[in-house]
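Below is one structure, written out as C-alpha cells; the observations come after it.
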Amino acid sequence: MHIHIAEDLNDLSRKYAYWLIEHIRYTLQKKSSSPAEKQIYTWALSGGSTPQHLFQLLSKSPFKEQIPWEKLHIFWGDERLVPFHDSRNNGKMAYDLLLQHVPVISSQVHYIPTEMKPEEAAQAYEKILHRYFDEQGFSFDLVMLGMGTNGHTLSLFPHTDVIHEKEKWVKAVFVDELSMYRITLTPVIVNRAFCATFLVSGKDKADMLKKVLQGPYQPDAYPAQIIRLTNNELHWFVDRDAASELTLSE
Ligand SMILES: O=C1O[C@H](COP(=O)(O)O)[C@@H](O)[C@H](O)[C@H]1O
C-alpha cells in the first residue's frame, strides 16, 4: 500500500492527475505487444464530491492532451438510482465536468443504467463487465475510489451484506439512511483490479481514515477496509487535513 500526501484538495487533484497520466502511459506501454483490441485502458470512476476538481483539471490543458482518450474505456464504481439528468447521478457529474470536454469514444463509456429496476440494472452492468473481464485473472486497469465519513466506499455502506459478497460483480443495494437504491461494484471484481486508488480530502474524514488505515480490521464497520487487491497495488491519495490523525513514520 502506498500513501501519497498532498497539501490540500487542489494539490491532491494535481498530484493525482500527474500520477494517472503516468499510470496510463505505463499500462499501455506494457500492452504494446498485445493485439490492437487489447491495447486499451479500463478505468472505473468514483462519484461524490472529491473527484470533481480532478475531473475539471483533466478536461483542460496541460492534462487533457496528455491522455490517449481513444484508448480509454470508462466505467463507474457505483451509481445512485436516479435519472441521468439528476445532479446526484455520478455518471452525469463526470459527463458535465470531464467527458463532454474530451475526445473519449462514446461507445467506450459505460454508464451504469438507472432507467430500470435496481436488480435489472445490476445484471445489465455485470453483463457489460463480462464482455471485458474473465472469471479469473485481473479486471480493471484502475479503479478509482472515494471514502465517505462513515467509511463507505463504492456503495458498500457499513453493516450491509454486500460488503461480503462472494459471487456477483455488481449488486443493487437499498441504502436505508439515504432511502435510495444504489448500484455498486462488489469487492469480488474490484479486488481483482491491477490497481485501485482512494482519493480522500478534508478534516471531516481524518478520524475515519485513521480507523480504516491504522485501526483493527473491521470491514463491517469500516467498509473501505474490504478493498485489498490481490495485486497489492493500492494507493491512498490524501490531503493533509484527511491525514492529520495518521501516525506517519519519518
Ligand atoms: O456516495 C458516494 O460517496 C463516495 C465518497 O464521496 P465523497 O463525496 O465523500 O467524495 C464516493 O466515492 C461514491 O462514488 C459515491 O457514490
Side-chain angles (χ1 to χ4, degrees), residues 6 8-13 16-17 20 43-58 74-84 86-99 109-114 118 121-122 125 140 142-160 162-163 170-187 189-191 193 195-213 219 222-227 234-239 241-243:
D8 53 23
L9 182 61
N10 278 340
D11 185 40
L12 183 71
S13 307
Y16 190 91
L20 173 69
W43 179 19
L45 305 183
S46 57
S49 56
T50 314
Q52 294 183 6
H53 186 60
L54 169 71
F55 290 168
Q56 282 169 326
L57 282 183
L58 296 175
I74 311 264
F75 304 82
W76 274 264
D78 72 320
E79 187 54 275
R80 296 103 187 255
L81 206 77
V82 293
F84 189 76
D86 188 305
S87 61
R88 294 168 296 173
N89 187 290
N90 286 336
K92 156 92 170 141
M93 182 275 280
Y95 174 80
D96 284 349
L97 300 181
L98 174 61
L99 301 175
V109 178
H110 302 290
Y111 295 102
I112 296 181
T114 56
Y125 209 60
F140 301 95
L142 176 64
V143 179
M144 193 179 160
L145 299 162
M147 185 193 77
T149 51
N150 62 356
H152 86 271
T153 190
L154 302 156
S155 284
L156 312 178
F157 282 79
H159 306 289
T160 56
V162 65
I163 297 168
V170 187
K171 289 277 279 188
V173 291
F174 186 77
V175 184
D176 288 328
E177 60 260 46
L178 302 171
S179 298
M180 176 193 265
Y181 271 104
R182 297 219 178 172
I183 309 299
T184 186
L185 303 193
T186 70
I189 190 73
V190 172
N191 280 339
C195 183
T197 58
F198 279 88
L199 202 59
V200 183
S201 164
K203 197 101 190 145
D204 59 339
K205 295 194 177 159
D207 178 53
M208 185 50 71
L209 190 65
K210 167 90 179 163
K211 288 177 169 140
V212 168
L213 292 184
Y222 315 127
Q225 289 184 334
I226 202 77
I227 305 302
L234 182 59
H235 294 255
W236 284 82
F237 288 82
V238 303
D239 66 9
D241 279 347

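Both ligands and their constituent atoms are indexed starting at 1 by order of listing.
Set against the non-hydrogen atoms of N90, the atoms of ligand 1 under 4.0 Å away are 14 (O), 16 (O). Counting atoms of ligand 1 from 1 in the listed order, those under 4.0 Å from a heavy atom of H152 are 1 (O), 2 (C), 3 (O), 4 (C). Contact atoms of ligand 1 toward K205: 7 (P), 9 (O), 10 (O) (distance under 4.0 Å to a heavy atom of the residue). Here is the list of ligand 1 atoms found below 4.0 Å of a heavy atom in G48: 6 (O), 8 (O), 15 (C). The ligand atoms of ligand 1 that sit less than 4.0 angstrom from a heavy atom of R182 are 1 (O), 2 (C), 15 (C), 16 (O).
Where the criterion is an N or O separation shorter than 3.5 Å, residue side chain and backbone included, L145 fails it with respect to ligand 1. At least one N/O-N/O distance between T50 and ligand 1 falls below 3.5 Å. For a threshold of 3.5 Å applied to N or O pairs, the pair formed by S46 and ligand 1 contains no separation below that value.
A search for ring pair (Phe, Tyr, Trp, His ring centres under 6.0 Å) contacts involving H53 returns nothing, not counting sequence neighbours.
By the 4.5 Å heavy-atom criterion applied to side chains, F140 and L185 are counted as neighbours.
Judged purely by atom type and a 3.5 angstrom limit, Q52 has no side-chain atom pairing as donor or acceptor with the backbone of L97.
Scanning all heavy atoms of the two residues, the minimum distance from V190 to V143 falls at CG1-CG1, 4.1 Å.
Tested against Y111, the residues Y95, F75, Y125, W76 include a single ring-ring contact (aromatic ring centres under 6.0 Å, His included) partner, W76.
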